[in-house]
*Asks:* 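Please find one structure pasted underneath; my questions will follow.
What's counted below: heavy atoms across the whole structure, side chains too, no hydrogens, waters or symmetry copies.
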Amino acid sequence: MDLTFIIVIFAIGFIGSFLSGMLGVGGSIIKYPMLLYIPPLFGLVAFTAHEVSGISAVQVLFASIAGVWAYRKGGYLNKQLIAYMGGAILIGSLIGSYGSSFLSEQAVNIVYGTLAVIAAVMMFIPKKQVDDMPLDEVTFNKPLAAILALIVGIASGIVGAAGGFLLVPIMLTVLHIPTRMTIATSLAVTFISSIGGSAGKLVTGQVDYLPAIIMIAASLLAAPLGAKAGKKMNTGILQIILALMIAGTAVKLWLDILI
């Protein structure tokens, strides 16, 4: 492991975790393609899809909890939503992460590409204007929230993504949660999901420990900084940034799969 390797992996972790804290996602939507494509550009050995999913799963655990800590004040964390979606997504992520060891590299990338397309489409669906609603008056469909979280958990467990990039559009477009509450609460649910995802990846030997440790260090520094930036930004701009990132990732992955 040379200095170039450390710098490249740390930079990927820092950029991904900053955006993670700012946008309320675990960061894998950004870090998964970065880990796949950037190291070879610097003459480093490319990670496999299984290695990337394993590194992402462990790293998301730390990035999400660092982001939640930054949002702990201000009433942005919806405890009911965290309980319903967190419990369901934990079960799903355990199932998905364990089952991923039986899938091929191509299958893991296809699952990831499919999730990215679904998330991108949902981000562009018109949303109800609920950002002016008092945070203590927010309500949601509890059975629907749990069912959707279970599905997201299974799919995201496969790719080690924790599902934050799917949770955000679901909370915004289906459950009609205000943007800043969505960002904070999705980080908390993502943290719970990543417990199951990390456990499954560790048990099945899919984690490369050295790059995972480097990215964890970057996460603990960058995620709180991103959360502070997200509190100050216009919510419409936050949604546009996330939508464009998800759409760009989906296009790149499918081009690589199909060509």
Side-chain angles (χ1 to χ4, degrees), residues 1-20 25-64 66 93 96-117 155-165 190 194 196-223 226 245-246 248-259:
M1 187 173 67
D2 60 14
L3 184 60
T4 302
F5 180 88
I6 295 172
I7 292 171
V8 169
I9 301 303
F10 186 89
I12 291 171
F14 192 93
I15 294 167
S17 297
F18 182 86
L19 293 171
S20 159
V25 296
S28 285
I29 186 67
I30 310 140
K31 281 167 272 190
Y32 188 96
M34 288 175 77
L35 280 169
L36 276 179
Y37 303 125
I38 291 178
L41 297 178
F42 290 86
L44 302 171
V45 176
F47 292 110
T48 66
H50 282 110
E51 287 173 336
V52 169
S53 68
I55 294 167
S56 297
V58 175
Q59 179 274 328
V60 165
L61 183 71
F62 291 88
S64 53
S93 64
S97 60
Y98 181 77
S100 67
S101 63
F102 302 103
L103 297 177
S104 67
E105 299 277 315
Q106 182 84 333
V108 172
N109 279 332
I110 287 173
V111 170
Y112 188 86
T114 302
L115 295 181
V117 169
S156 59
I158 291 172
V159 297
F165 67 100
T190 295
S194 65
S198 299
K201 299 293 183 184
L202 288 166
V203 167
T204 53
Q206 298 182 65
V207 178
D208 191 336
Y209 290 100
L210 287 175
I213 291 169
I214 294 169
M215 292 192 71
I216 287 167
S219 300
L220 294 176
L221 288 171
M245 282 197 318
I246 293 172
T249 299
V251 170
K252 171 62 177 169
L253 269 171
W254 279 108
L255 284 175
D256 285 353
I257 290 168
L258 298 173
I259 295 176

*Asks:* How are the rings of Y98 and F102 set to each other: parallel, tilted or perpendicular (split at 30° and 60°)?
*Replies:*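 It falls in the perpendicular class, over 60°.
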*Asks:* In Å, rounded to the nearest 0.5 Å, how long is the span from CG of D2 to CG of L44?
*Replies:*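 D2 CG to L44 CG: 6.5 Å, rounded to 0.5 Å.
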*Asks:* List the atom pairs, donor and acceptor, that lie under 3.5 Å between side-chain atoms in residues 213-220 and the rest of the protein, sequence neighbours left out.
*Replies:*
| unit_1 | atom_1 | unit_2 | atom_2 | d |
| --- | --- | --- | --- | --- |
| S219 | OG | S17 | OG | 3.0 |
| S219 | OG | Q59 | NE2 | 2.4 |
| S219 | OG | M215 | O | 2.8 |

*Asks:* Can you list the residues that meet the side-chain contact (heavy atoms from CB on, under 4.5 Å) rule with L41, with sequence neighbours excluded?
*Replies:*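 With sequence neighbours excluded, L41 shows a side-chain contact (heavy atoms from CB on, under 4.5 Å) to no residue whatsoever.
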*Asks:* Which heavy atom of F5 sits nearest to which heavy atom of P211, and what is that distance?
*Replies:*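 Minimum heavy-atom separation between F5 and P211: CZ-CB, 4.0 Å.
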*Asks:* Any side-chain heavy-atom pair from Y209 and I55 closer than 4.5 angstrom?
*Replies:* no
*Asks:* Measure across V207 and L202 and return the closest heavy-atom pair with its distance rounded to 0.1 Å.
*Replies:*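 Of all heavy-atom pairs spanning V207 and L202, the closest is CG2-CD2, 3.7 Å.
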*Asks:* Evaluate the side-chain proximity of P39 to I12: yes if any heavy-atom separation is below 4.5 Å, no if none is.
*Replies:* yes
*Asks:* Please examine the side chains of I9 and L35, heavy atoms only from C-beta on, and report whether any two atoms are closer than 4.5 Å.
*Replies:*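 Sidechains of I9 and L35: in contact.
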*Asks:* So, do L221 and F18 sit near enough that their side-chain heavy atoms are less than 4.5 Å apart?
*Replies:*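 L221 does not reach F18 side chain to side chain.
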